[in-house]
Amino acid sequence: MALPDKQGHFGEFGGRYVPETLMTLLIDLEKQFKALNKNKAFRDEFAFYLREYAGRPTNLYFAERLGRHLKTLKVYLKREDLLHTGAHKINNTLGQVLVARRMGKTRIIAETGAGQHGVAAATTAALFGLECVIYMGAQDIKRQSLNVFRMKLLGAQVIPVTSGSRTLKDAMNEAIRDWVTRVRDTFYIIGSVAGPHPYPLMVREFQAVIGLEARKQFLAKERKLPDHLVACVGGGSNAMGLFHAFYKDKGVGMIGVEAAGKGLNTREHSATLKKGPVGVMHGSKSNLLQDKDGQVRVAHSVAAGLDYPGVGPEHAYYQKTGRAQYVAVDDKAAIRGFKMLSRLEGIIPALETAHALAYLETLARKSKKGTTVIVNLSGRGDKDVNTIQGIL
Amino acid sequence: MNRITRKFAQLKKQGKKAFIAFITAGDPNLKATGELALAFDKAGVDIVELGVPFSDPMADGPVIQASSKRALDQGTNLHKIFDCVRRIRQKSDIPIALMTYYNPVFHFGEEKAIKAAVKAGVDGFIIPDLPCQEAGDLIKYARKANIATVFFVAPTTMPARIKPIARGSKGFIYYVSLTGVTGPRQVLSKDAIAGIRRVRRMTQKPVCVGFGISTPAQVKVFSRAADGVIVGSAIVQAIEKNIGRRDLVKNVVRFVQNLSCAV
């Protein structure tokens, strides 16, 4: 059965839980997206911008020294960090902005946590001359001032969100409020495989290029499929982007790495899939960090891009059905991963990505020699240098 | 008969329209919420909407966001709100609907929430982030227990959706006067009047209008077209202004009376 179903469900997860004001738009968007996704002219245009503007395909780099350090693993890095704007996020914003143009929308809004999605949205809005408003938690604005400056340079208006926990979830609330108000001229570019149907589907389709390329590249280099795929999971777009093309390759293990923050036994983590009961937030049903009354809890991670109490519904489905396994890595280990890749390969990863890299140490201990792994190197770490400087 | 349905039947017989007042349960505390509901009954309010505070009120503007936060800081939750309604019921038969985001109800358990509602004397649920397409279970449990389920029609709703929304609704249908979040507006679009009429042509069920309505003049205009008018943020603002004052209930009720007599 194709997932999601017609109502946008991945098993019990997903769906459309939004105010009625948005329902007609979402139904229309779903129709338009499904038609465009099959339309050759649209696919060609999307492929053109991915290639000529974003810099695809990205390399699948064999990280030899990293592998030697980990002893048992052969590690390949899918270099999404080399894309324009420095992360996988641009794949999705290019796709959505092209949809927005076809729908005649003139104004782009987006939420952002680490600022990577905000920068990618502002970049594509600038590319097509569209008005762009970015909602960002006041707390994140402090943590990621460089990205705020970049968005402003790109002509976007950055609105600090001071409600709630002042982080990504509150930025998304505020973006939804804007969207409800300006639904007729505004296109909301959601940055992850989250939100109401058709967003989890649409974002997955735009990010699926990561896995499609990686699968082909790996087959060309190794003449077989990898044993494991590893990617960090906040909302889950880079992980779904890598995983999806391998969904039917039953022998390929998928490991999503969440942020354990200060520890899974504390309240300060972002391990939604591991610790969150099923709930509804931001338009879809999925795992959700919440208290005994169903109030959403504040997430924590040293990586602003993982600092989200929700997660994409398709990941919840992958976990429930056992297709993917989800683990968590704490702040300290992530910083170790950050340093490890910088020293061994001369690549400074994003702090989000560093969680996936840190998990390799655990995976290496459990693996036979020669085990092959593709890690989605979802973003570069320039934006995190200040944060790390403060910690070290 | 369900208290909400009965209320609309009575009003219809008298040729009257409903005035519906929204307050957030637990703002500034549940004792005040109980006193307000009882005083509203005497002040010409036909139905009380009790807001269940939620951490992420994405359909609400700043006034109700702040009110939800105050209520949550008091430790307000569904259990305590059901207790509060039970106390109101000892003295009043005023119809009460809970206005809540979906997650607190989903987490509580839909079937369990409907049972608790029956026991406490809650008459209906209004869930702004639960479109009727996702509400199959809730509607099923609610129908069995004779509890109202109110769904929304917005200015952007395509005509084909109106019938299923009306079918899922019991008690009344909530017409959203504007595209946007809750909160008082100086000027409201006249398009809403046409929108309300369009819905009323497609259903026998009462259609009530809310969002943005904050003055007696606005109440008057909208009560001509709709079967009822809902005011929320303006009343919550009146509560906010009176926090810490002993005459909070008296002052808020005076404000509400001005609105309810404009119907």
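Lettering of chains follows the sequences in order, A, B, ..., and the numbering in each one begins at 1.
- No side-chain heavy atom of A:R16 sits less than 4.5 Å from a side-chain heavy atom of B:Q133.
- Interface check for chain B: of the options A:E174, A:K285, A:M172, the most heavy-atom pairs under 4.5 Å are formed by A:K285.
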**Study point:** Residues A:I27, B:R161; criterion side-chain contact (heavy atoms from CB on, under 4.5 Å); working and verdict
**Key:** CA-CA 11 Å; A:I27 291 164; B:R161 286 182 60 75; 3.6 Å; yes
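- The residue among A:V18, A:D170, A:V183 with the most heavy atom pairs within less than 4.5 Å of chain B is A:V18.
- When side chains are defined from C-beta on, A:V278 counts as touching B:F106, because their heavy atoms get closer than 4.5 Å.
- Heavy atoms closer than 4.5 Å to chain B are found in the backbone of A:D291, but not in its side chain.
- The candidate from B:L130, B:I127, B:L72, B:L178 with the greatest count of non-hydrogen atom pairs under 4.5 Å with chain A is B:L72.
- The part of B:V153 that comes within reach of chain A is its backbone (N, CA, C, O), which places non-hydrogen atoms under 4.5 angstrom from that chain.
- Heavy atoms closer than 4.5 Å to chain A are found in both the backbone and the side chain of B:P104.
- We find the CG-OG distance between B:D56 and A:S163 to be 8.5 Å, quoted to the nearest 0.5 Å.
- Using a 4.5 Å cut-off between heavy atoms, A:R297 makes no contact with chain B at all.
- Note that OG1 of B:T157 is 10.0 Å distant from CG of A:L22, once rounded to the nearest 0.5 Å.
- In A:K34, the NZ atom is crowded: over 12 heavy atoms of neighbouring residues, nucleotides or ligands sit closer than 6.0 Å.
- Heavy-atom contacts from other residues, nucleotides or ligands closer than 6.0 Å to CZ of B:R143 number more than 12.
- When side chains are defined from C-beta on, B:H107 does not count as touching A:Q295, because their heavy atoms never get closer than 4.5 Å.
- The distance from the CZ atom of A:R177 to the CE atom of B:M58 is 9.5 Å, given to the nearest 0.5 Å.
- Side-chain contact check for A:E20 versus B:I165: some heavy-atom pair is nearer than 4.5 Å.
- Counting heavy atoms from C-beta outward, A:Q290 and B:N103 have side chains that approach closer than 4.5 Å.
- Heavy atoms from other residues, nucleotides or ligands lying under 6.0 Å from CG of A:D185 number more than 12.
- Here the closest heavy-atom approach between residue B:S55 and residue A:V296 is recorded as OG-N, 2.8 Å.
- Annotation: maximal heavy-atom pairing with chain B below 4.5 Å, among A:R184, A:Q7, A:M281, occurs at A:R184.
- If you measure heavy-atom distances from B:P53 to chain A, the contacts under 4.5 Å come from the backbone alone.
- Here B:K80 contributes atom NZ and A:D293 contributes atom CG; the two are 8.0 Å apart, rounded to the nearest 0.5 Å.
- If you measure heavy-atom distances from B:F108 to chain A, you find no contacts under 4.5 Å at all.
- Between the side chain of B:T156 and the backbone N or O of A:T21 there is at least one donor-acceptor pair closer than 3.5 Å.
- Rounded to the nearest 0.5 Å, atoms CG (A:L25) and OG1 (B:T179) are 11.5 Å apart.
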